[in-house]
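I have placed the structure first, in the form of structure tokens, so that the comments after it can refer back to it.
If you're wondering where the values come from, they're calculated on a predicted model, not measured in any experiment.
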Amino acid sequence: MNDGHDDFLDALESGDGYYLECANGHGSLPPRTVCPHCGDRDLSETALPESGTIDSYTVVHVPTPAFADEAPYVTAVADFGAVRLTGRVLADEESVDIGDEVSASVGGEEESRSVVFEPR
């Protein structure tokens with residue numbers, strides 16, 4: 001069941017991205033019922049920052065069949081403050097670097113939606 005993840009993608013797609021935050025300030029991505037850092041069960045939705053920075057990335061040259069037409073493409077981990085997101089960068093591999101500022105959105109078809117990053 002992907003209800004929490006689908007809700008997260010729906011919110012991100014509509015410009016209302018969020019993460020879950022416990023009373024101790026730990027952030028995590030839905031779906032969650034317990035903070036993975038401290039076990040707190042009191043989680044609240046907190047607005048995802050409008051931009052983050054790329055911490056790490058890789059260029060995929062041999063993709064799964066679902067992404068065969070898009071190779072090569074860049075997959076990155078981006079820091080959005082209390083949380084880090086993984087997604088595909090919507091830019092040429094030559095133009096992506098660690099520390100680049102990106103915004104998060106959603107790409108793909110209904111059955112294969114995922115997080116994507118757009119350079120800012």
Side-chain angles (χ1 to χ4, degrees):
M1 181 176 232
N2 290 327
D3 289 343
H5 183 69
D6 289 340
D7 291 344
F8 169 75
L9 290 177
D10 290 345
L12 189 58
E13 191 169 38
S14 70
D16 296 319
Y18 66 92
Y19 63 94
L20 300 175
E21 185 174 41
C22 73
N24 294 311
H26 301 131
S28 59
L29 296 174
R32 295 264 184 219
T33 56
V34 175
C35 175
H37 304 284
C38 66
D40 189 354
R41 292 184 175 277
D42 186 21
L43 304 177
S44 60
E45 290 184 8
T46 303
L48 188 70
E50 289 185 20
S51 66
T53 56
I54 293 179
D55 278 348
S56 177
Y57 71 92
T58 189
V59 179
V60 178
H61 292 277
V62 182
T64 65
F67 295 99
D69 294 339
E70 298 180 37
Y73 60 89
V74 179
T75 298
V77 175
D79 184 333
F80 281 82
V83 294
R84 296 169 78 192
L85 299 174
T86 301
R88 192 167 42 91
V89 181
L90 302 179
D92 293 330
E93 62 184 283
E94 299 85 24
S95 65
V96 176
D97 205 356
I98 304 256
D100 285 353
E101 188 175 349
V102 293
S103 60
S105 60
V106 177
E109 301 297 319
E110 187 62 35
E111 293 297 315
S112 62
R113 294 185 313 156
S114 62
V115 175
V116 295
F117 299 127
E118 298 180 40
R120 292 186 62 116

With a 4.5 Å cut-off on side-chain heavy atoms, are [Y] and [X] touching?
X   : Y    : result
H5  : P31  : yes
F67 : S112 : no
S95 : P119 : no
T86 : T75  : yes

Handout entry: Any pair counted as salt bridge (Lys or Arg N to Asp or Glu O under 4.0 Å), so long as it reaches residues 54-81, sequence neighbours left out
Key = D55-R84, E70-R88
Completion exercise
The complete set of salt bridge (Lys or Arg N to Asp or Glu O under 4.0 Å) pairs with one or both residues in residues 90-107, sequence neighbours excluded, reads E101-R120
Practice task
Answer yes if V116 and V60 sit in the same cluster of Ile, Leu, Val, Met, Phe, Trp and Tyr residues linked by side chain heavy atoms under 4.5 Å apart, and no otherwise.
Solution key: no
Practice task
Find out if a path of hydrophobic residues (ILVMFWY) with successive side-chain heavy-atom gaps under 4.5 Å connects I54 to V59.
Solution key: yes
So, for [X] and [Y], which heavy atoms are closest and what is the spacing to 0.1 Å?
X    : Y    : answer
P63  : Y73  : CB-CE2, 3.7 Å
Y19  : A47  : CE2-O, 3.6 Å
A76  : V89  : CB-CG2, 3.6 Å
V83  : G27  : CG1-C, 3.6 Å
L12  : S105 : CD2-O, 3.7 Å
V115 : A104 : CG1-CB, 4.5 Å

Completion exercise
Across all chains, not counting sequence neighbours, the side chain to side chain contact (heavy atoms under 4.5 Å, CB included) partners of A78 are F80, V102, F117
Exercise for the section: Determine, step by step, whether F8 and L29 satisfy the side chain to side chain contact (heavy atoms under 4.5 Å, CB included) criterion, reporting the C-alpha distance in whole Å, the side-chain angles of both residues, the deciding distance to 0.1 Å, and the verdict. Expected result: CA-CA 8 Å; F8 169 75; L29 296 174; 4.1 Å; yes
Problem - Sequence-distant partners of E13, salt bridge (charged side-chain N to carboxylate O under 4.0 Å, His left out), two or more places apart - result: R113
Fill in the blank from the handout: Contacts satisfying ring pair (Phe, Tyr, Trp, His ring centres under 6.0 Å) that involve residues 39-61 (not counting sequence neighbours) are none
Exercise for the section: Decide yes or no on side chain to side chain contact (heavy atoms under 4.5 Å, CB included) for T53 and I98, but give the supporting numbers first. Expected result: CA-CA 8 Å; T53 56; I98 304 256; over 6 Å; no
Exercise for the section: Please list all pairs passing the side-chain hydrogen bond (donor to acceptor under 3.5 Å, both in side chains) test where one or both residues lie in residues 36-48, with sequence neighbours left out. Expected result: E21-T46
